[in-house]
Amino acid sequence: MQTANESHPDSHRVDSYSNDSDRDLYTIPSYSSWFSWDEIHQNEKIAHSDYFNSTSISKTPKIYKEYRDFIINKFREDPIRRLTFTEVRKCLIGDVGSIHKIFRFLKNWGLINFGVRPSDVYCGGAAENLGRFDSGARSSDSDCNRGDEDEVRLGRLKVVVEEGAPSGIRVAEFPNSTKVLAAAPGEAAVGSGCEEVGEDGFRLPPLTSYSDAFGEAGRKKGCWNCGAVCVSGYYESVKQGGSVICAKCFKNENYEESKLADDFKLIDVDGTGNFGTDVWTDSETMLLLEAVTKYGADWNLAERHVRTKTKLDCISRLIQLPFGEHLLNASVIKGVDRSSSYHASDVKQMGTTSATEPQEEPSRTEDQHHECMMSADVAAGQVEDGDGSGRPLKRRCITSSGDAGSSLMKQVARLSTIVGPHVAAAAAKAAVASLCNENPCAIKFYEAEEDDTSHDLGFPTLNNETTRVIEGADTDMVKHKQSDSLEATSEKSGPSTLQIRVAIATALGAAAAHAKLLADQEEREMEHLMAIIIEAQLRKIECKVKHFEELELIMEKEYSQVQQLKDSNLSDQIEVLQHALNAGISRWKDDSSKLSTNHLL
Amino acid sequence: MKSLLPIASKQPIKFRIPAAENLVPIRLDIEIDGHRFKDAFSWNPSDPDSEVFMFAKKTVKDLKLPPTFISQIVHSIQAQLTEFRSYEGQEMYGGERLVPIKLDLRVNRTVIRDQILWDLNNFESDPEEFARTFCTDLEIEDPEIGPAIAVAIREQLYEIAIQNVASARETRISKKGRRAAEFVTASKSGGTALDLVKLFGSKASIIRKRKEWDLYEPIVDILSAEEAEALDAREERNARLKKKLDDKDDGYITRFTRS
């Protein structure tokens with residue numbers, strides 16, 4: 001029965017294990033070789049028939065497969081440790097009885113807990129204590145027997161089948177596993193053929209440690225005959241894939257009688273091509289990266305840091321990584337101050353150039369553009385020529401990132417256009433000066449070269465007509481000079497590297513100047529904006545004050561009006577009362593007058 | 001055992017403990033003249049009753065209890081067996097039901113808390129084996145714990161089975177057609193059962209959510225001697241209190257005189 005399997009898209013039966021280096025290797029006993037991630041085998045269907053007769057909602061083939069896959073995956077997260085049912089059941093929804101049944105099934109077939117510590121046998125001390133006065137004792141007895149069987153099996157197990165693993169789970173590779181592989185197909189057909197294994201079987205080591213699995217020995221093939229690890233090379237059977245014997249046994253004609261010497265072909269382990277093929281776990285890669293950032297190109301130290309891989313493996317792995325080379329360069333450069341700061345500024349430069357590009361574009365003339373390209377080409381040429389020179393660190397940093405030289409020259413040119421001629425010239429001068437301090441022989445070179453270096457960089461922002469003319473004249477000269485220097489560099493590489501360094505220093509200077517300019521401008525802008533803000537705030541407060549004053553005035557006016565009104569009211573009332581008193585007294589009027597007098601009081 | 005598997009899950013089946021072996025959980029708590037005897041174990045109800053007396057005699061002898069205990073033990077076991085047998089032969093609802101079983105027990109100085117799901121329809125499930133695995137996996141050495149867990153599970157299954165019988169009876173009485181009957185069963189007896197369609201539907205994953213792992217994870221605590229003593233004392237106090245109450249309304253005695 002084929003079931004869709006989304007979780008392990010790349011897993012299939014590993015019959016052609018020999019070139020399956022991209023997958024992790026697990027050990028399962030040969031009698032379980034029927035197992036496959038993608039299918040549910042007849043054995044499973046018979047043992048768990050309740051899942052396959054569709055009588056219940058909670059027991060379907062899909063659910064069975066989910067249980068099974070989860071349990072196996074859980075075990076393979078750490079195949080050295082014994083997986084317990086108690087651990088599994090807390091993660092699985094469902095009847096503990098049926099999950100336990102699946103768990104037992106997988107355990108009995110060696111799909112989980114295979115090759116873990118033999119002391120952890122299933123039949124624990126608690127077994128005898130159960131069912132003290134009832135027929136439960138019967139069942140515990142049978143369980144004990146089962147446990148004993150397991151123990152026997154564990155002791156005699158010799159056969160291992162490599163199994164395709166789900167991606168993401170890394171497991172130890174079993175040393176000498178290939179030897180065992182060969183035995184699998186024959187016995188696997190029987191299913192439970194573990195009893196028939198001959199005396200050439202070996203005992204599983206109780207613990208497969210990490211270094212065992214990934215260390216040197218783990219990748220060597222074990223001899224089919226003597227079990228020794230084949231160090232230098234081994235013979236592999238042509239007819240029966242994976243059947244391996246070591247060179248010593250081959251010489252002594254110590255192989256199975258059914259085979260002829262011609263059936264074996266020599267496989268040399270020492271040859272190249274075996275490197276970088278083995279599996280790197282994520283943690284190993286992390287260790288490698290750590291080592292590289294820490295120690296740089298010191299592979300001995302890196303090897304020691306990673307621990308489980310050889311020097312060559314480390315190198316090949318690093319090369320395979322998409323960013324490995326850059327990383328290596330970055331760490332190598334660290335040794336040289338100047339270059340490292342170059343690296344940093346290079347990054348910064350990227351930002352500034354891209355930001356200012358639109359502005360400078362129109363001002364650039366065709367000629368200058370050409371010149372830029374020229375200088376870039378020259379630089380690239382110099383870089384390539386510099387390859388042979390005896391400054392390994394320096395050379396490395398330039399050659400490694402392909403067109404670093406050319407892009408550097410381009411950027412220098414571009415930068416100098418941004419910052420203006422005077423700044424660039426000053427930067428170049430300072431760079432040359434400091435270089436000359438460092439290396440006296442450079443003075444000679446730069447005395448000749450100096451002016452065209454500065455011109456080389458191109459100053460398109462010059463509006464001055466005369467300089468432009470001069471520059472035009474100079475460009476020709478520059479081209480001559482450059483072709484000269486190209487020839488010169490092919491002979492002696494010293495000047496070329498110097499030139500590059502000057503260019504770098506110039507670029508740095510220019511970038512710094514530009515950055516300074518930008519920073520100043522920014523600061524001014526900020527000050528200006530702050531001033532505007534403060535002014536606006538002041539104006540706002542003024543407005544408010546004015547408004548409040550107006551309000552106060554209005555209030556005062558209204559107050560006086562109210563006062564007037566009050567006064568007139570009072571006088572009116574007094575008048576009315578007077579009139580009433582004068583007109584004569586009635587009872588009703590008396591009341592009302594009382595009321596109003598009260599009111600007045 | 002396979003023959004016991006109901007092919008149509010809705011068909012009612014005869015009452016039994018929904019586990020591989022039909023064993024009755026028996027709990028004894030007898031106090032005579034200051035001597036207290038507490039125990040829990042499972043008993044095969046098809047064993048002849050003479051075994052009960054043999055068992056009581058042996059236990060009293062082994063534990064050096066006063067001989068007055070023998071009759072009390074026999075009495076208690078017989079009563080519990082009779083109660084179990086009174087359900088036998090009755091029909092109970094045999095549908096597939098997943099019930100959560102909560103374990104919370106203390107044996108000597110070990111406290112165990114756990115939660116599991118149990119399928120009432122799975123007559124192959126084995127509480128004894130579960131308990132055994134539990135002890136092995138958690139490396140519990142106290143030999144009394146395994147049987148205690150098994151009995152605790154059995155007691156809960158027994159309880160649920162009794163409820164099942166009651167609900168099956170109710171269903172039969174209210175003959176309102178199949179659908180209505182099912183509804184009644186689902187709502188009455190399924191109070192604690194989980195929604196199977198929700199759990200095992202095509203969309204659901206049988207892998208539990210990570211945050212729920214703790215809920216279904218066994219917790220084993222070893223108490224210090226003082227803590228255990230304190231708990232013992234409290235339990236004894238509670239038991240005495242309860243006994244006084246029971247004596248008052250005579251409920252305790254009527255339960256035993258019925259047999």
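All values below come from the heavy atoms of this structure, side chains included, with hydrogens, waters and symmetry mates left out.
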Quiz item: Quick one: do Glu129(B) and Arg104(A) make a salt bridge, cutoff under 4.0 Å?
Solution: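 Salt bridge: yes.
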Quiz item: Looking at CZ of Phe37(B) and OG of Ser76(B), how far apart are the two atoms once the value is rounded to the nearest 0.5 Å?
Solution: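 With rounding to 0.5 Å, CZ (Phe37(B)) is 9.5 Å from OG (Ser76(B)).
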Quiz item: If you tally heavy-atom pairs under 4.5 Å against chain A, which of Val151(B), Ile145(B), Asp114(B), Leu138(B) wins?
Solution: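 The answer is Asp114(B).
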Quiz item: Tell me, side chain or backbone of Phe85(A) under 4.5 Å from chain B's heavy atoms, or both, or neither?
Solution: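 Contact with chain B involves both backbone and side-chain atoms of Phe85(A).
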Exercise. Pick whichever of Gly97(A), Ser98(A), Cys91(A) has the most heavy-atom pairs under 4.5 Å with chain B.
Key: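 Greatest number of close heavy-atom pairs with chain B: Cys91(A).
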Exercise. Hey, can you tell me if Trp34(A) and Phe105(A) have their rings parallel, tilted or perpendicular (30° and 60° cut-offs)?
Key: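 Trp34(A) vs Phe105(A) ring planes: tilted.
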Quiz prompt | Evaluation steps, side chain to side chain contact (heavy atoms under 4.5 Å, CB included), between Phe103(A) and Ile112(A) | solution = CA-CA 8 Å; Phe103(A) 186 86; Ile112(A) 54 169; 3.6 Å; yes
